[in-house]
4 protein chains.
Amino acid sequence: MTERGEATRQRLLDAAAAVFSERGYARATTKEIARAAAVSEGTIYRHFADKKELFGAAFIGRNASNAVAITGLPNLAGTKSVRENLQFLMRAIEDIEANVAPLQAAMSSDAELARSLFSEAPQGEGGAPRITPLQPLAAYLAAEQKLGRVRADVDAADAAFALFAIPFTAVTSRRLARAAGLTAEVDMMGALDVVLRGLEPSQA
Amino acid sequence: MTERGEATRQRLLDAAAAVFSERGYARATTKEIARAAAVSEGTIYRHFADKKELFGAAFIGRNASNAVAITGLPNLAGTKSVRENLQFLMRAIEDIEANVAPLQAAMSSDAELARSLFSEAPQGEGGAPRITPLQPLAAYLAAEQKLGRVRADVDAADAAFALFAIPFTAVTSRRLARAAGLTAEVDMMGALDVVLRGLEPSQA
Amino acid sequence: MTERGEATRQRLLDAAAAVFSERGYARATTKEIARAAAVSEGTIYRHFADKKELFGAAFIGRNASNAVAITGLPNLAGTKSVRENLQFLMRAIEDIEANVAPLQAAMSSDAELARSLFSEAPQGEGGAPRITPLQPLAAYLAAEQKLGRVRADVDAADAAFALFAIPFTAVTSRRLARAAGLTAEVDMMGALDVVLRGLEPSQA
Amino acid sequence: MTERGEATRQRLLDAAAAVFSERGYARATTKEIARAAAVSEGTIYRHFADKKELFGAAFIGRNASNAVAITGLPNLAGTKSVRENLQFLMRAIEDIEANVAPLQAAMSSDAELARSLFSEAPQGEGGAPRITPLQPLAAYLAAEQKLGRVRADVDAADAAFALFAIPFTAVTSRRLARAAGLTAEVDMMGALDVVLRGLEPSQA
DNA sequence: GATGAATGAGTATTCATTCAT
DNA sequence: TATGAATGAATACTCATTCAT
């Protein structure tokens, strides 16, 4: 692939991510993506087999860059306070979801698309088609349990889910509200504090 | 409207909800909806002005029947145990979301649709375009706080959000997984127990 | 046919003439005609085989009533002045054309419609599918020639055509202008005077 | 636009004029126009925004080429005989009308179309939505009046109208007759002679 | 590599017509 | 006789995809 070709491809990926997020998969037209990437429509097909593949490539790209962002997080265990760390994690998850959610939404409401995407895509060894913040989060909590900064008698996976649900729900609610032209005020941190109270080791 | 007409209309609403859930708004074709309702395509337009209105009607219908299901829930306060009640609520919310979420997803990836739907629809006095289980949930918690069965020093709204996030996230995750042809095992009740621990009044 | 049926039929004919004139044949919908006649759509088909037949019936009706209006006109010969009579005739033709023209226009731009209409309709003995003011006009002029009030050396048919063309063109121009949202000022009487000058017997 | 594109566009314009003339605006289908132009239906929309625009372009095209044909005519004044010139003009107008009239008829029976067409189209400075042979005809007559070859005491505009009405009515009558599967014999030249007699300067 | 013209299958919607009541 | 629900063929228009240049 020449340098020029590579650049065009990248421009197409960016344009595609933007347009798919804005319009959803079905309403996004190749024409609009081409225009956003400042190339002709035909050019898309030199780089991607079809629209579906273009979507997949854009989605994977986003997902991958997010994976990098989270993986390192368990190492936070023991530093600062648990509360500070979780607040940080919450914001991180919020960012990630805000990034991936629109593409995910586009997929979730189109069963065929999702199926064909995952059946063709090279899946990771765990078979996880999508990098989820759940595992790193559970790992972090488990680490803190070892350090005695989180109650030992809670299931780390359950707690991770309760925590993850907060930014996930916040992001999704906001998306829905925005789509309807409204604004949804969500106090993620207040909800976090409620959960935190259940994680604190007893002050005996 | 004759009895026959009324029946047809209802069949169309059910078919529409099913197809929109499965395919999303854009990919759902009037042809398929008609076939699912066992009527001709033209019949759709005797009952609804256009596809958008059909979607809106299906959505409102689902939403309304859910509203009924939730409204009474705050009265549970004081009965049984808090844990049992919340488990019950969690399942109820799960059902509701499983019902509405697909339609909401269909909408969320189509900003224009959502906007036109909410701008035209006669909004309730609260202006809430969608009945959310959040308020009844918060009301229930506040009632339990008065009874001393829930810690008084947590914000009922924050706690409600933390709780609501659990079934909401569970449902959505499952949808995504199913769309991809996978299965997501989610332990809602485990996560609930974590949050519950933060709500119990101190055992002084 | 019952009295009620007859009344309904007449209401349909009037409504049809109005709607066909306003919208043209193709854009006129049976739905709109039914509404204008304050009957249900299905009722149309109890009285007419199809839309085409309804159009034909409405058209024939108009045409027939016009025929009555013109037939007597040749008897004017010898009364008043030729100029006054022709001015009167001109206005009469104008009214007639204004009446029939819209229906004719609807037909003229739809070859199939016209053909099927005339091939099926019971044609007059002269085979003339449409009563034209040309013959009565020529008859009137011939009569005046006999009386010496119109030059004998012009062909009555040619003169009739030249005269008929004036109100015909005036009406049509106005229709076109009105369709375009403009107004066309046409001085029919001025044009008539020009032609008249060619008809006056030489003042030797 | 590439050369190939330009050729396709022209083919579409010709096909459109033909089909619109034959069927009228509403009954002319994009499918038939495409077939007549030997292109696919989609191609129409690469060249024209919609059916209305295609019609407008076809109409304007015809109109414009006619404008060229007429503009020079007033210069005939003084050459040959008035009679010969008017016979020539009559045939010219006949041709022009035969060209434009069908499209005009297609429009006149569709008020909405006409209005939207003229309200959007860039109108000439005179605001005239259609080039009419009336003005050049009046100009020619006025010139002949100056030369003493036409009576000075007739209004040139009135005379122009009387003359114009002849070929206009002839063309329209023929169209109606043809639509009905009949033939209308019209002697334009006879009618012209009648009018001419009113224009000749007195042989004093 | 890139363009833009062309394609044709597919979509929502309309409307004359039929039919059960 | 009249109604209005239902039909289904037809229509304008869209859009992912192909292809000649």
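Quick caveat, the model's predicted, so the values are computed rather than measured. Throughout, a chain's letter reflects where its sequence line sits, starting with A, and its residues are numbered from 1.
A perpendicular orientation is assigned to the rings of C/F55 and C/F20, their planes being inclined by more than 60° (bins at 30° and 60°).
Mapped onto DNA chain E by nearest heavy atom, D/S40 and A/R11 fall at different nucleotides, with A/R11 at the one closer to the 5' end. When the nearest nucleotides of DNA chain F are assigned to A/D50 and B/T8 by heavy-atom distance, the more 5′-ward of the two goes with B/T8. Nearer the 5' end of DNA chain E, as judged by each residue's closest nucleotide, is the contact made by A/A38, out of B/K51 and A/A38. Checking D/Y45 against B/E41, the closest nucleotide of DNA chain F that is more toward the 5' end is the one next to B/E41.
Annotation: salt bridge (Lys or Arg N to Asp or Glu O under 4.0 Å) contacts involving residues 41-50 of chain C, sequence neighbours excluded, are absent. Identified under the salt bridge (Lys or Arg N to Asp or Glu O under 4.0 Å) test for residues 29-38 of chain C, with sequence neighbours left out: C/R23-C/E32. Screening residues 31-54 of chain B for ring pair (Phe, Tyr, Trp, His ring centres under 6.0 Å) gives no qualifying pairs among residues at least two apart or on separate chains.
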Extract from the structure each pairing of a protein N or O with an N or O of nucleotides 19-21 of chain F at less than 3.5 Å, listing the distance.
none

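Between the CZ atom of D/F48 and the P atom of F/dA12 there is a distance of 15 Å, rounded to whole Å. Summarising the geometry, the separation between CD on B/E3 and P on F/dA6 is reported as 12 Å, rounded to the nearest angstrom. Between the CG atom of A/L12 and the P atom of F/dA16 there is a distance of 14 Å, given to the nearest Å. Atom NZ of B/K31 and atom P of E/dA12 are 10 Å apart (whole Å). Distance A/I44 CD1 to E/dT3 P: 11 Å, rounded to the nearest Å. One interatomic measurement links the two molecules: CZ of C/R35 to P of F/dT3, which rounds to 15 Å at whole-angstrom precision. With rounding to whole Å, B/F55 atom CZ is found 14 Å from E/dA12 atom P. Atoms CD (D/E6) and P (E/dA5) sit 10 Å apart, rounded to a whole Å.
A/Q10 meets the side chain to side chain donor-acceptor pair (under 3.5 Å) test with A/D14; sequence neighbours excluded. Among residues two or more places apart in sequence or in another chain, the side chain to side chain donor-acceptor pair (under 3.5 Å) test is passed with D/R62 by D/N99. With sequence neighbours left out, B/R175 forms a salt bridge (charged side-chain N to carboxylate O under 4.0 Å, His left out) with no residue at all. Every residue meeting the side-chain contact (heavy atoms from CB on, under 4.5 Å) condition with C/A58, not counting sequence neighbours, appears here in chain and number order: C/L13, C/A16, C/A17. Annotation: side chain to side chain donor-acceptor pair (under 3.5 Å) contacts of D/T43 (sequence neighbours excluded): D/S40. Not counting sequence neighbours, C/E53 has no partner by the side chain to side chain donor-acceptor pair (under 3.5 Å) test.
Counting heavy atoms from C-beta outward, D/E3 and D/E6 have side chains that stay 4.5 Å or more apart. You'll find the side chain of B/R9 stays beyond 4.5 Å of the side chain of B/L12, heavy atoms only.
Residue D/T29 is classed as a sugar-phosphate contact, given heavy-atom separations below 4.0 Å to backbone atoms only. Using a 4.0 Å heavy-atom criterion, one finds that B/T30 contacts the bases of the nucleic acid, with or without backbone contacts as well. At the heavy-atom level, D/A28 lies under 4.0 Å from the strands shown only through sugar-phosphate atoms. Backbone-only engagement by B/T2 is indicated by non-hydrogen atom pairs under 4.0 Å involving sugar-phosphate atoms exclusively.
For the contact set between residues 14-27 of chain B and DNA chain E, defined by any heavy atom under 4.0 Å, there are no members.
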Legend entry - Structure string for DNA chain F in dot-bracket form, Watson-Crick and G-U at under 3.5 Å, | interchain: .||||||||||||||||||||
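Not one side-chain nitrogen or oxygen of C/H47 sits closer than 4.0 Å to the OP1 or OP2 atom of F/dT1.
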